[in-house]
Amino acid sequence: MGIHAPDFTVSDGANTVHLDSYRGKVVLLNFWWSQCAPCIQETPGLEELHHDRPDIAIVGVSIDTDQDSYQRFLTRHHVDIVTVRDPYQTAAKLYHTEGWPETYIIDKEGIIRRKIVGDPDWSNPEIRTYLQNL
C-alpha cells in the first residue's frame, strides 16, 4: 500500500466512473459482482456507510457480464452508491483483483492506504475511525 491508485474510466452506457474525478475525497473502490455471496452480504453495510458518511465516495465496479443480473441486483438491494458495470474487468485488472469483493481505501491525494478482501463489517468502530482519520 502507499502507492498511487491507478486511474481508469469505465462506462457501461448508463454510468461512467472516472476515478481521478474523486480526487480530494476519501474513496472506497469496491470490486464486486451480483453472484458473489460475500458481495451480497457486504452490500447493506456499504449502503449504510454511504448514508452515514456522504463525504466518502463509495464507488462500485461490477464485473457482471449479464446486464440483467446486474440490474436485478441493484434493484433488489436498493443500491444507490455510484456503480458501473465492467464486464471485461478493465479496472479490476489494473488493481490485480482476483477475489471478490475487494475494496481499496484511497486517500484524498489518490494514494491506496488499505486493501480489504472479503466482506468486512463496515460499521466496525475501527474501520469507521480509520476512515474518519484519513
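Since the structure is predicted, the reported quantities are computational estimates derived from the model, not experimental observations.
- Partners of Thr65 under the side-chain contact (heavy atoms from CB on, under 4.5 Å) rule, at least two apart in sequence or in another chain, are Pro87.
- Applying the disulfide bond (SG atoms under 2.5 Å apart) rule to pairs touching residues 98-134 yields nothing, sequence neighbours excluded.
- Contact record, Val26 with Leu131: CG1-CD2, 4.4 Å, taken as the closest heavy-atom pair.
- Nearest approach of Lys25 to Pro54, heavy atoms of both residues: NZ-O, 3.8 Å.
- Between atom OG1 of residue Thr103 and atom CD1 of residue Ile58 there is a gap of 9.0 Å, rounded to the nearest 0.5 Å.
- Screening residues 104-134 for ring pair (Phe, Tyr, Trp, His ring centres under 6.0 Å) gives Tyr95-Tyr104 as the qualifying pairs, with residues at least two apart or on separate chains.
- Here the side chain of Asn30 pairs no donor or acceptor atom with the backbone of Gly60 at under 3.5 angstrom.
- With sequence neighbours left out, the side chain to side chain donor-acceptor pair (under 3.5 Å) criterion links Asp55 to Arg53.
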Go through the steps for Arg128 and Asp52 under the test side chain to side chain contact (heavy atoms under 4.5 Å, CB included), then give the verdict.
CA-CA 10 Å; Arg128 294 287 181 117; Asp52 290 350; 3.2 Å; yes
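- The distance from atom OG1 of Thr129 to atom CG of Asn124, rounded to the nearest 0.5 Å, is 8.5 Å.
- Here the side chain of Asp86 pairs a donor or acceptor atom with the backbone of Ala91 at under 3.5 angstrom.
- The side-chain contact (heavy atoms from CB on, under 4.5 Å) check on Thr16 picks up Thr9, Ser11, with sequence neighbours excluded.
- Of all non-hydrogen atoms in Leu19 and Pro6, the two that sit nearest each other are CD2-O, 3.4 Å.
- Under a hydrophobic clustering in which Ile, Leu, Val, Met, Phe, Trp and Tyr are joined whenever their side-chain heavy atoms come within less than 4.5 Å, directly or via other members, Tyr70 and Ile81 fall into the same cluster.
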Applying side chain to side chain contact (heavy atoms under 4.5 Å, CB included) to Gln67 and Asp12, what does each step give before you reach the verdict?
CA-CA 9 Å; Gln67 170 71 27; Asp12 63 13; 5.5 Å; no
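- Sorted by first and then second residue, the pairs that involve residues 93-103 and meet salt bridge (charged side-chain N to carboxylate O under 4.0 Å, His left out), not counting sequence neighbours, are Glu102-Lys115.
- Interatomic distance, Leu46 CG to Asp119 CG, rounded to the nearest 0.5 Å: 8.5 Å.
- Considering only residues two or more places apart in sequence or on other chains, His77 meets the ring pair (Phe, Tyr, Trp, His ring centres under 6.0 Å) condition with Phe73.
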Please test Leu134 against Arg113 for side chain to side chain contact (heavy atoms under 4.5 Å, CB included), starting from the C-alpha separation and ending with a verdict.
CA-CA 9 Å; Leu134 282 179; Arg113 294 296 169 194; 4.0 Å; yes
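- Applying the side-chain contact (heavy atoms from CB on, under 4.5 Å) rule to His4 yields the partners Asp20, Arg23, Ile111; only residues at least two apart in sequence or on another chain are considered.
- Connection of Ile106 to Val82 is established within a shared hydrophobic cluster, with ILVMFWY side chains joined at heavy-atom distances below 4.5 Å, either directly or through further cluster members.
- Side-chain heavy atoms closer than 4.5 Å link hydrophobic residues (I, L, V, M, F, W, Y) into clusters, and following such links, even through other members, never connects Leu74 to Val17.
- Contacts of Asp80 classified as side chain to side chain donor-acceptor pair (under 3.5 Å), with partners at least two apart in sequence or in another chain: His51.
- Heavy-atom minimum distance, Pro120 versus Ile127: CB-CD1, 4.0 Å.
- Not counting sequence neighbours, Asn15 has no partner by the side chain to side chain donor-acceptor pair (under 3.5 Å) test.
- Under the 4.5 Å side-chain heavy-atom criterion for ILVMFWY residues, a single connected hydrophobic cluster contains both Val59 and Trp100.
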Glu126/Arg114 under salt bridge (Lys or Arg N to Asp or Glu O under 4.0 Å): CA gap, chis, key distance, verdict:
CA-CA 13 Å; Glu126 185 271 329; Arg114 260 174 116 170; 3.2 Å; yes
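- The shortest distance between side-chain heavy atoms of Val61 and Arg85 does not fall below 4.5 Å.
- What you find for Gly118 and Glu42 is that their closest heavy atoms are O-OE2, 3.9 Å.
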Could you tabulate the donor-acceptor pairs under 3.5 Å formed by side-chain atoms of residues 31-38, not counting sequence neighbours?
from	atom 1	to	atom 2	distance (Å)
Trp32	NE1	Thr83	OG1	3.4
Ser34	OG	Asp64	OD1	2.6
Ser34	OG	Asp64	OD2	3.4

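- Note on Val10: it clusters hydrophobically with Ile112, by side-chain heavy-atom contacts below 4.5 Å among ILVMFWY residues.
- Listed by chain and residue number, Asp68, Ser69, Arg76 satisfy the side-chain contact (heavy atoms from CB on, under 4.5 Å) test with Arg72 (two or more places apart in sequence, or in another chain).
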